[in-house]
Amino acid sequence: MVESALSRTPHFPRQLMKVRTRFAPSPTGYLHIGGARTALFCWLYARHHGGDFVLRIEDTDRERSTPEAVQAILDGMAWLQLDADEGPFYQTQRFDRYREVVQQLLDEGKAYHCYCTREELEEMRAQQMARKEKPRYDGRCRSRTEPRPGVDPVVRFRNPLEGEVVVKDHVRGTVVFRNEELDDLIIARSDGTPTYNFCVVVDDMDMQITHVIRGDDHLNNTPRQINIFRALGAEPPEFAHLPMILGPDGAKLSKRHGAVSVMEYRNDGFLPEAVRNYLVRLGWSHGDQEIFSTEEMIRLFDIADVNHSASAINPDKLAWLNQHYIKEGDPQRLGEELGWHFERMGVDTSNGPALADVVRANAERAKTLKEMAENSVFFYQDFEEYEEKAARKNLQPDAVEPLTRLKEGLAALEEWKAPAIHDAVNAVAEALELKLGKVAQPLRVAVAGKGVSPPIDITLELLGREKSIERIERAIGHIVQHTAYEH
RNA sequence: GCUCCCUUCGUCUAGCGGUCCAGGACGCGGCCCUCUCAAGGCUGAAACACGGGUUCGAGUCCCGUAGGGAGCGCCA
């Protein structure tokens, strides 16, 4: 399947080649926020240029790679709607091909067997460190012709000794590495399995990747990979190295920063479009614009506008964007997602207001869907007890009269709609010569159990007449009982 | 230690030699609106890491310094 996409003659003029980018995570964990940003940029670049976006799973490390992690990555990309045109390809399914290329390099004298033991290599490194030199392989097996009994050799790439490699990076600009700084890296282990830097090159060549967009922790690998491309007679792709993403405190991202897996953002009530918008502005900008629809991102994205420095995640800004999309989004669709959160909370929403209406009522007062669900449970379940502070302030003896009148007025309404409810509440306030707050707040605490809710008329409409009146009675009872005990 | 990368408000960023006593956004403060909480409107505080050059003129170009980061594996 992979083979059909292969060509051994990648020598078309670059301008005539269709842009092809790839995202190549190693499945050793979930899709974290940094990986997601890299995937987003690769995807945007391909979409902007009408090219292809390829997904490749780099699972050559059999020890640490798991099928669960592969699934987690696929789930994360699906949630962010980063659709791949090809793949996922798995490196573990391409071992024959890697072996073939290793042999080719061996045959051409561009690679050689190295019989040094791990112990010898360690000692060599220790000595170099002691001499304050950069630890690297010294090439002692370069000209060896005889095998060493009892040692399974590794295969090393014969890196050029002189000259330099110039990387014309799309975000970093021109970066020059001297070949003398590089050493002969291992391309095949003693058990015959290929290593990362080698597989990447073979894959990018075979899959005809034109633009490698990845984290800048790979910048130092780039000259080695370019040398391998050349040894293979292939034109290296173009490169763009993205700056890292840091935690809110400016330190390297880790679990202690909370949500690191993109799917955790869903659990926390974030919308994929918000996460995407947040991510695209992390390290990239288009003037002063903050909000980007998918179409705009694709149209405006330019790798040249990517920043050079690492950026820290700002949870507040993500929350702001999330609320923006909650306010702008389709209530019907958001309602479904809200329902997903209620389900996770074990709240049955079948006997309450429509989820889309709850979204409409709360869009301006919730940063996340999770928060919205938590704040709206009272629409679907009776609360155990009143929020203490709100009850102490609003459920006092002086609230009995307004609540009683409210009950009567509301019970008499012909139509249970917000405008009529609004009028009824106002009428009670006027009749009693009270400020609206003196009436609406006790009512709010009575029906919601707490001091915060959407506008009172809308809250009542959504709750329904029966439950509303029931809860008003309950509140009156609560006041009476409480007062009786205290006096 | 060596090589490479990075450095504008707390944070994300605009700026591509003069239009910058540095603009926008999040957050924060104040005011307005208001049945709660929000949302919204107006408004305020807040930054060119440092030192040398180049230039009539530097946040913008060059070189250092300092501070961060990455790589240097039979990990990816």
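The basis for the numbers below is simple: all heavy atoms, side chains too, and nothing from hydrogens, waters or symmetry mates.
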Any N or O donor-acceptor pair linking the side chain of [X] to the base of [N] at under 3.5 Å?
X	N	value
A/Q128	B/G1	no
A/R189	B/C74	no
A/N220	B/A70	yes
A/N221	B/G71	no
A/R444	B/C35	yes

For [N] and [M], measure between their [atom1] atoms and round to the nearest Å.
N	M	atom1	result
B/G10	B/C28	C1'	10 Å
B/U60	B/A22	C1'	12 Å
B/A45	B/G40	P	22 Å
B/C21	B/A58	P	13 Å
B/C62	B/G44	C1'	39 Å
B/C31	B/A49	P	35 Å
B/U55	B/C2	C1'	37 Å
B/G1	B/C63	C1'	24 Å

Which nucleotide wins on minimum distance to the side chain of [X], given the candidates [options]?
X	options	answer
A/V175	B/A76, B/C74, B/C4	B/C4
A/H218	B/A76, B/A39, B/G73	B/A76
A/S309	B/U8, B/G73, B/A70	B/U8
A/D217	B/A70, B/U11, B/C26	B/A70
A/K134	B/C74, B/C2, B/U36	B/C2
A/D457	B/A39, B/C35, B/C4	B/C35
A/T60	B/C26, B/A76, B/C37	B/A76

Just N and O in the side chain of [X]: are any of them under 4.0 Å from OP1 or OP2 of [N]?
X	N	answer
A/K252	B/A70	yes
A/N307	B/U13	yes
A/R125	B/G73	yes
A/S190	B/C74	no
A/S65	B/A76	no
A/K317	B/U13	no

Subject >> Who pairs with B/C2 - Watson-Crick or G-U, where each distance is under 3.5 Å >> reply: B/G71

Original post:
With both distances under 3.5 Å as the test, what is the Watson-Crick or G-U wobble partner of B/A49?
Top reply: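 Matched B/A49 with B/U65 under the 3.5 Å cut-off.
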
Original post:
Would A/R125 and A/E122 pass as an ion pair if we require N to O under 4.0 Å?
Top reply: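 Looking at A/E122 together with A/R125, the answer is no, because their closest N to O distance does not fall below 4.0 Å.
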
**OP:** Would you mind checking if A/E387 and A/K389 are paired as a salt bridge, meaning a charged N to carboxylate O distance below 4.0 Å?
**Re:**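 Salt bridge flag = no for A/E387 with A/K389.
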
Mind checking if [X] touches a base, just sugar-phosphate, or nothing, with heavy atoms under 4.0 Å?
X	answer
A/S285	sugar-phosphate
A/P454	base
A/R131	nothing

Original post:
A/D288 or A/W320: which one's nearest nucleotide on RNA chain B is closer to the 5' end?
Top reply: A/D288

Original post:
If each of A/F177 and A/M129 is mapped to the nucleotide of RNA chain B with the nearest heavy atom, which maps nearer the 5' terminus, i.e. the 5' end?
Top reply: A/M129

**OP:** Cation-pi check, A/R474 to A/Y386: give yes when NZ or CZ is under 6.0 Å from the six-membered ring centre and within 45° of the ring axis, no otherwise.
**Re:** yes

Original post:
Only one of A/N197, A/D183, A/D184, A/N159 clears side chain to side chain donor-acceptor pair (under 3.5 Å) with A/R224; which?
Top reply: A/D183

